[in-house]
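What follows is a short report on a single structure.
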Amino acid sequence: MNWITNYVRPKINSMLGRREMPENLWIKDPVSGEMVFHTDLEKNQWVVPSSGHHMRIRAKDRLRYFFDDGAYELLEQPKVVTDPLKFRDEKRYIDRLKEHRAKSGVEDTIINALGTIEGLPIVATVQDFSFIGGSLGMAAGEAIIKAFETAIAQKRPLVLFAASGGARMQEGILSLMQLPRTTVAVEMLKEAGLPYIVVLTNPTTGGVTASYAMLGDIHIAEPGALIGFAGQRVIEQTIREKLPEGFQTAEYLKAHGMVDMVVPRTELKATIARLLKMLMGEKATEVPVAKPNGAALPATIEAEA
């Protein structure tokens, strides 16, 4: 029996060309329950083609989709004290950090990169929710400030992709201090006359929403993103009222004036490039305007600063 199982069957399988299939070949759409081929998802920037559901995406993947030709240069992460409070819950905080660094391949939740979108040089800051829920600690705060300082020094606009559960409890008051520090950095960029665009992704909550994530010149949200300060249940218990359906979704916030635009991920690059060129006072691309006889007449639309 062992001879048949261990020798004969593998030989037959190899002759017939059978191969082991990866476990993650198909991914279930949380909205419709439909099974989607992972290659189709990857080609569509992890947006389900049929339902339009935006799945979570790693920071480096987002940068690859966002920048021209997927090319970018990462900024070095600032060095901070690893475990200032010697915090311990179910496990030591320092061990938790090591575990997440090994899993994600990044130092902390914030990644900064230099690159171009449609030829326009920018600084991009991406918050990776897979790293301790995108929580804001000292390392993340220092990285965000470095991104703003780099943008000012190189006279580039800054685009920030927010995704967070809020402040990092393992760093206590030191985490909360990053809220005013990052707010000052935003003001420095604005004083330099450079644009700051925020893309709110799912989820953007807690202290991050109460600071740099809601201080942009323009706020764009991905469809269906959860955006808010406190959770829905906490708010309902506080005010003793039932909240409207869809409360704290990107679409609800746009309808009530807290978000400027809701833009699908696949259209973000083109939309942001167009907005930045307008804000930077650059000329738009020439577009053909039809003559009465059907011929095309080139026309240049100059964007207002």
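Start at 1 with the first residue, then count along the sequence. Keep in mind that the numbers below use all heavy atoms, side chains included, and drop hydrogens, waters and symmetry copies.
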Measuring only between side-chain heavy atoms, which start at C-beta, is [X] closer than 4.5 Å to [Y]?
X: Thr125; Y: Leu158; value: yes
X: Ile218; Y: Leu279; value: yes
X: Thr201; Y: Phe129; value: no
X: Pro49; Y: Val36; value: yes
X: Leu25; Y: His38; value: yes
X: Ile220; Y: Val259; value: no
X: Ser175; Y: Met138; value: no
X: Met280; Y: Pro157; value: yes

Is it true that a side-chain atom of [X] and a backbone atom of [Y] form a donor plus acceptor pair closer than 3.5 Å?
X: Thr271; Y: Glu267; answer: yes
X: Thr204; Y: Ala162; answer: yes
X: Glu187; Y: Thr183; answer: no
X: Tyr196; Y: Phe148; answer: no
X: Arg265; Y: Met55; answer: yes
X: Asp83; Y: Phe87; answer: yes

Drop me the distance from [X]'s [atom1] to [Y]'s [atom2], to the nearest 0.5 angstrom.
X: Gln77; Y: Ile111; atom1: CD; atom2: CD1; result: 7.0 Å
X: Asn112; Y: Leu160; atom1: CG; atom2: CG; result: 8.5 Å
X: His100; Y: Lys98; atom1: NE2; atom2: NZ; result: 14.0 Å
X: His219; Y: Lys254; atom1: NE2; atom2: NZ; result: 15.0 Å
X: Leu136; Y: Thr109; atom1: CG; atom2: OG1; result: 8.5 Å
X: Ile144; Y: Glu149; atom1: CD1; atom2: CD; result: 12.5 Å

So, for [X] and [Y], which heavy atoms are closest and what is the spacing to 0.1 Å?
X: Glu107; Y: Phe131; answer: O-CZ, 3.4 Å
X: Ala250; Y: Val262; answer: O-CG2, 3.8 Å
X: Val208; Y: Tyr212; answer: CG2-OH, 3.5 Å
X: Glu222; Y: Leu268; answer: OE2-CD1, 3.6 Å
X: Leu194; Y: Ala151; answer: CD1-O, 3.5 Å
X: Ser211; Y: Leu215; answer: O-CG, 3.2 Å

Please identify each residue that fulfils salt bridge (charged side-chain N to carboxylate O under 4.0 Å, His left out) with [X], with sequence neighbours left out.
X: Lys146; answer: none
X: Arg56; answer: none
X: Lys79; answer: none
X: Asp69; answer: none

Checklist line | Within residues 233-251 or reaching into it, pairs that qualify as side chain to side chain donor-acceptor pair (under 3.5 Å) - sequence neighbours excluded | finding: none
Note to self: Please list all pairs meeting side chain to side chain donor-acceptor pair (under 3.5 Å) that have one or both residues in residues 155-170, counting only residues at least two apart or in different chains.
What the structure shows: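 Passing the test, one end in residues 155-170: Tyr93-Arg168, Asp108-Arg168, Ser135-Arg168, Gln154-Arg156.
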Can you sort out the partners of [X] under ring-ring contact (aromatic ring centres under 6.0 Å, His included), two or more places apart, ordered by chain and number?
X: Phe229; value: none
X: Tyr252; value: Phe247, His256
X: Tyr65; value: none

State yes or no: do [X] and [Y] share one hydrophobic cluster built from I, L, V, M, F, W and Y residues joined by side-chain heavy-atom distances below 4.5 Å, directly or via other members?
X: Val47; Y: Val31; answer: no
X: Ile110; Y: Ile145; answer: no
X: Leu85; Y: Ile94; answer: no
X: Phe37; Y: Met35; answer: yes
X: Val263; Y: Leu226; answer: no

Item checked: Pairs satisfying salt bridge (Lys or Arg N to Asp or Glu O under 4.0 Å), at least one member in residues 25-36, at least two apart -> none
Margin query: By the salt bridge (Lys or Arg N to Asp or Glu O under 4.0 Å) test, which pairs, at least two apart or in different chains, include something from residues 196-219?
Written below: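 Counting only pairs at least two positions apart or across chains, no salt bridge (Lys or Arg N to Asp or Glu O under 4.0 Å) contact touches residues 196-219.
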If you count every heavy atom of other residues, nucleotides or ligands that lies below 6.0 Å from [X] atom [atom1], does the total exceed 12?
X: Met258; atom1: CE; result: no
X: Met177; atom1: CE; result: no
X: Arg101; atom1: CZ; result: yes

Note to self: With salt bridge (charged side-chain N to carboxylate O under 4.0 Å, His left out) as the criterion, how do Glu118 and Lys277 come out once you've worked through the C-alpha distance, each side chain's angles and the decisive distance to 0.1 Å?
What the structure shows: CA-CA 10 Å; Glu118 296 189 6; Lys277 285 176 182 178; 3.6 Å; yes
Next item on the list: Would you confirm whether the ring centroid of Phe161 sits within less than 6.0 angstrom of the ring centroid of Phe66?
Entry: yes
Notebook entry, point to check: Yes or no on side chain to side chain contact (heavy atoms under 4.5 Å, CB included) for Val159 and Val198, after CA distance, side-chain angles and deciding distance?
Noted result: CA-CA 6 Å; Val159 179; Val198 180; over 6 Å; no
Notebook entry, point to check: Taking it one step at a time, do His53 and Ser32 satisfy side chain to side chain contact (heavy atoms under 4.5 Å, CB included)?
Noted result: CA-CA 9 Å; His53 175 72; Ser32 64; over 6 Å; no
Checklist line | Basic-acidic side-chain contact under 4.0 Å: Asp61, Arg64 | finding: yes
Checklist line | Under-4.0 Å salt bridge between Lys60 and Asp128 | finding: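 Here Lys60 does not pair with Asp128 in a salt bridge, since their nearest N and O are not under 4.0 Å apart.
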Notebook entry, point to check: Which residues satisfy the side chain to side chain donor-acceptor pair (under 3.5 Å) test with Glu142, sequence neighbours excluded?
Noted result: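 If we apply the side chain to side chain donor-acceptor pair (under 3.5 Å) test to Glu142, skipping adjacent residues, the hits are Arg181.
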Check: Does the side chain to side chain contact (heavy atoms under 4.5 Å, CB included) test come out yes or no for Leu114 and Leu75, once each step is laid out?
Finding: CA-CA 7 Å; Leu114 303 176; Leu75 292 180; 3.9 Å; yes
